[in-house]
Peer 1: 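After the structure tokens below, expect a handful of questions from me.
Values below: every heavy atom of this structure, side chains too, minus hydrogens, waters and symmetry copies. Both counts, for ligands and for their atoms, begin at 1 and track the order of listing.
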Amino acid sequence: MTILVTGGAGFIGSNFVLDWFEGSTEPVVNLDKLTYAGNLQNLAALEGNPNHHFVQGDFGDAALVAQLLAQYQPRAIVNFAAESHVDRSIHGPADFIHTNIVGTFNLLECVRSYWGAMDATGKEAFRFLHVSTDEVYGSLAKDDPAFTEHHRYEPNSPYSASKAASDHLVRAYHHTYGLPVLTTNCSNNYGPFHFPEKLIPLMIVNAQAGKPLPVYGDGQQIRDWLYVKDHCSAIRRVLQAGTVGEVYNVGGWNEKPNLEIVHTVCALLDELKPRADGKPYQEQITYVTDRPGHDRRYAIDARKLEQELGWKPAETFETGIRKTVQWYLDNPEWVRNVQSGGYRDWIGKQYGEHSGEHKALDKVAV
Ligand code: NAD
Ligand code: DAU
């Protein structure tokens with residue numbers, strides 16, 4: 001038995017593969033294009049593991065995927081591969097359309113043909129698990145109930161629209177062709193190997209570098225945070241016991257405004273690695289121009305997953321964020337290595353910094 005994972009060198013994918021081998025010897029074929037977000041260092045602990053087969057390539061490359069499916073005969077596919085950063089989708093949506101929509105479509109076509117040729121037992125047991133996001137549901141008002149699996153799709157960014165399109169394709173391949181699919185829609189993850197373009201790792205990295213901590217708008221946007229290993233355990237559980245064709249929302253019941261997240265990170269750094277001048281890190285908080293179309297609030301109702309499949313997160317936000325900050329403090333080399341030229345270009349484009357020095361950030365008063 002083997003599974004094929006796409007995007008397994010990214011943040012969640014690499015955590016998933018590492019977790020997988022903590023509890024299983026079932027081989028994993030890990031197909032990742034190694035875009036700026038993919039990093040083989042995340043998988044360094046698997047060096048020499050004969051059950052981990054890393055393949056650098058595009059999940060939308062039909063010939064390559066067909067060859068891998070024929071060679072390894074996986075019993076399941078877990079599809080993480082995507083462009084994942086909302087701000088990048090605002091600067092340049094084309095990659096998101098190409099990867100998240102066309103790439104997923106190409107993958108589905110290959111899988112349809114592979115699955116169609118299986119015998120009845122193989123067909124019955126096969127699963128295609130598509131990893132998606134709560135952002136497809138759009139934005140909630142302050143007192144709205146959390147997103148259930150029946151919430152209408154109302155994606156607001158090019159990223160979320162492209163993920164929504166991919167979810168619809170996955171759904172359609174089940175309804176039209178009978179492909180045994182499962183979809184998970186998860187809230188914001190955080191934890192080890194999170195690329196420092198996203199809020200939590202960016203704050204940890206900037207704080208230590210003495211740089212501004214850029215908070216968009218008034219910082220009162222709410223996200224529902226889940227420790228990445230809990231997302232991984234949810235995916236494993238859905239893969240194992242989810243009902244074919246069903247959607248499962250995954251969340252940590254941890255709704256927090258961004259500003260509170262930033263204050264928490266600052267307080268942990270004050271405790272674990274105080275500033276040389278003894279001042280609090282929160283002095284570095286800088287309010288900057290808001291993200292265009294910024295969704296105000298996400299919240300996941302994860303009761304279906306809990307009640308039907310018995311899944312619950314293991315971490316609270318307090319335990320998870322402490323582990324996360326500590327991980328970044330313990331892994332300065334990983335951080336240094338991902339801060340390549342491409343990373344610096346992005347930070348310059350998004351925040352107006354250049355060559356590590358601050359040009360005027362587009363600051364706003366709150
Ligand atoms: P990430 O950007 O860290 O990693 C994406 C990975 O996909 C990278 O390793 C990249 O190299 C790879 N990739 C990109 N294009 C590819 C292609 N054409 N072929 C093969 N590999 C390709 O993203 P992440 O945060 O780990 O997210 C993984 C998945 O989970 C995405 O589908 C995302 O939409 C979803 N998701 C993310 C979060 C979150 O908070 N990060 C929450 C819910 C859902
Ligand atoms: O909800 C799930 C989604 O969470 C995933 O589908 C996405 O792939 C993932 O990137 C994440 O999207 P967000 O846009 O919520 O994450 P991000 O870390 O970019 O931003 C979190 C919040 O923090 C958001 O409200 C924007 C804000 N923010 C972000 C950055 C990078 C800031 O205030 N300042 C920043 O510099």
Peer 1: Which residue supplies the protein heavy atom nearest to atom 5 (C) of ligand 2, what is that atom called, and how far is it?
Peer 2: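 Ranked first by proximity to atom 5 (C) of ligand 2 is Tyr159 OH, 3.6 Å.
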Peer 1: Regarding Tyr227 and Asn15, do their side chains bring together a donor and an acceptor under 3.5 Å, going by distance alone?
Peer 2: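 The criterion, which ignores hydrogens and geometry beyond distance, is not satisfied for Asn15 and Tyr227.
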Peer 1: Which atoms of ligand 2 sit under 4.0 Å from any heavy atom of Leu202?
Peer 2: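 Under 4.0 Å from Leu202, ligand 2 has these atoms: 36 (O).
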Peer 1: Looking only at protein heavy atoms, which one is nearest to atom 7 (C) of ligand 2, and what is the separation?
Peer 2: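 The closest one turns out to be Ser84 O, 3.4 Å.
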Peer 1: Heavy atoms only: which of Val288, Asp87, Thr133, Asn188 is nearest to atom 16 (O) of ligand 2?
Peer 2: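 Among Val288, Asp87, Thr133, Asn188, the closest heavy atom to atom 16 (O) of ligand 2 belongs to Asn188.
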Peer 1: Is it true that the side chains of Thr183 and Asp167 contain a donor and an acceptor less than 3.5 Å apart?
Peer 2: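 No pair is found: no donor N or O on one side chain lies under 3.5 Å from an acceptor on the other.
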Peer 1: Between Asn100 and Tyr159, is any side-chain donor less than 3.5 angstrom from a side-chain acceptor?
Peer 2: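 Short answer, no.
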Peer 1: Going by an N to O cut-off under 4.0 Å, is there a salt bridge joining Lys33 and Asp61?
Peer 2: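 Salt bridge flag = no for Asp61 with Lys33.
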Peer 1: Have a look at Thr286, Asp295, Asn258 and point out the one with the heavy atom closest to atom 22 (C) of ligand 2.
Peer 2: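 Among Thr286, Asp295, Asn258, the closest heavy atom to atom 22 (C) of ligand 2 belongs to Asn258.
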Peer 1: Where is the nearest protein heavy atom to atom 20 (O) of ligand 2: which residue, which atom, and how far?
Peer 2: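 Its nearest protein heavy-atom neighbour is Arg291 NH2, 3.8 Å.
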Peer 1: Only heavy atoms of Lys198, strictly under 4.0 Å: list the atoms of ligand 2 that pass.
Peer 2: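 Selected atoms, number and element: 10 (O), 18 (O).
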Peer 1: Below 4.0 angstrom from a heavy atom of Asp134, which ligand 2 atoms are there? Numbered from 1 as shown, please.
Peer 2: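 So the answer, numbered in order with elements, is 1 (O), 2 (C).
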Peer 1: Looking at Met118 and Phe126, what are the two nearest heavy atoms and their distance?
Peer 2: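 Closest approach of Met118 to Phe126: CE-CD1, 3.8 Å.
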Peer 1: Which protein non-hydrogen atom lies closest to atom 13 (P) of ligand 2, naming both residue and atom, and how far is it?
Peer 2: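 The protein heavy atom lying closest is Glu135 OE2, 3.4 Å.
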Peer 1: Using a strict 4.0 Å cut-off to heavy atoms of Arg223, name the atoms of ligand 2 that fall inside it.
Peer 2: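 Once the distances to Arg223 are compared, the set is 15 (O), 24 (C), 25 (O).
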Peer 1: Rounded to the nearest 0.5 Å, how far does OG of Ser166 lie from CZ of Phe96?
Peer 2: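 Those atoms lie 12.5 Å apart.
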Peer 1: Does Asp218 pair with Arg296 as a salt bridge, N-O distance under 4.0 Å?
Peer 2: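 Looking at Arg296 together with Asp218, the answer is yes, because their closest N to O distance falls below 4.0 Å.
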Peer 1: Any idea which part of Leu199 is under 4.0 Å from ligand 2, heavy-atom wise: side chain, backbone, both or neither?
Peer 2: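 Within the 4.0 Å criterion, Leu199 contacts ligand 2 through backbone and side-chain atoms alike.
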Peer 1: Between ligand 2 and Gln221, is the shortest N or O to N or O distance under 3.5 Å?
Peer 2: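 Looking only at distances, the answer is no, because the N/O contact criterion of under 3.5 Å is not met.
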Peer 1: Quick one: do the Tyr173 and Glu109 side chains pair a donor with an acceptor below 3.5 Å?
Peer 2: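 Glu109 and Tyr173 do have a side-chain donor-acceptor pair below 3.5 Å.
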Peer 1: Could you tell me whether Lys163 approaches ligand 2 through its side chain, its backbone, both or neither, with non-hydrogen atoms closer than 4.0 Å?
Peer 2: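 No part of Lys163 is near ligand 2 at this cut-off.
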Peer 1: What residues join Trp253 in its hydrophobic cluster, counting side-chain heavy atom gaps under 4.5 Å, either direct or through other members?
Peer 2: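 Noted: Trp253 shares its cluster with no other residue.
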Peer 1: Is there a heavy atom in Glu197 that sits closer than 4.0 Å to ligand 2?
Peer 2: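 Right, Glu197 reaches ligand 2.
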Peer 1: Check the orientation of Phe147 and Tyr137. Use parallel for under 30°, tilted for 30 to 60°, and perpendicular for over 60°.
Peer 2: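 Because their plane-to-plane angle lies in the 30° to 60° range, the rings of Phe147 and Tyr137 count as tilted.
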Peer 1: Which atoms of ligand 2 have any heavy atom of Val215 under 4.0 Å away?
Peer 2: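 Per the distance check, 33 (O).
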Peer 1: Provide the closest heavy-atom pair for Ala314 versus Asp230 in the form atom of the first, atom of the second, distance.
Peer 2: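 Shortest heavy-atom separation between Ala314 and Asp230 comes out as N-OD1, 2.7 Å.
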Peer 1: Near His85, which atoms of ligand 2 are under 4.0 Å from a heavy atom of that residue?
Peer 2: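 Counting atoms of ligand 2 from 1, those under 4.0 Å from His85 are 19 (O).
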Peer 1: Just to be sure I understand the cut-off, which residues have at least one non-hydrogen atom under 4.0 angstrom from an atom of ligand 1?
Peer 2: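 Contacts of ligand 1 under 4.0 Å: Gly7, Ala9, Gly10, Phe11, Ile12, Asp32, Lys33, Leu34, Thr35, Ala37, Gly38, Gly57, Asp58, Phe59, Phe80, Ala81, Ala82, Ser84, Thr99, Val131, Ser132, Thr133, Tyr159, Lys163, Cys186, Ser187, Asn188, Asn189.
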Peer 1: Does any N or O in the side chain of Thr316 come within less than 3.5 Å of the main-chain N or O of Thr319, such that one atom is a donor and the other an acceptor?
Peer 2: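 Confirmed, Thr316 side chain pairs with Thr319 backbone.
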Peer 1: Should you measure from each heavy atom of Tyr351, which atoms of ligand 2 turn up under 4.0 Å away?
Peer 2: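 It comes down to these atoms of ligand 2: 30 (C), 31 (C), 35 (C), 36 (O).
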Peer 1: I'd like to check which ligand 2 atoms, numbered from 1 as shown, lie under 4.0 Å from a non-hydrogen atom of Pro214.
Peer 2: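 Here the atoms of ligand 2 in question are 32 (C), 33 (O), 34 (N), 35 (C), 36 (O).
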Peer 1: Is a donor from one side chain sitting under 3.5 angstrom from an acceptor on the other, for Asn331 and Tyr328?
Peer 2: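 Short answer, no.
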Peer 1: Under 3.5 Å, is there a donor-acceptor pair linking the side chains of His194 and Asn189?
Peer 2: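 There is no such pair between these side chains.
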Peer 1: Would you call the rings of Phe80 and Phe16 parallel, tilted or perpendicular, where under 30° means parallel and over 60° means perpendicular?
Peer 2: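 Phe80 and Phe16: tilted rings.
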Peer 1: Under 3.5 Å, is there a donor-acceptor pair between the Arg88 and Tyr36 side chains?
Peer 2: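 A donor-acceptor contact under 3.5 Å links the two side chains.
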Peer 1: Does at least one non-hydrogen atom of His294 fall below 4.0 angstrom from an atom of ligand 2?
Peer 2: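 Yes; His294 lies near enough to ligand 2 that a heavy-atom distance drops under 4.0 Å.
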Peer 1: Distance to 0.1 Å, residue and atom name: give those for the protein heavy atom nearest to atom 35 (C) of ligand 2.
Peer 2: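 For this ligand atom, the closest protein heavy atom is Tyr216 CZ, 3.3 Å.
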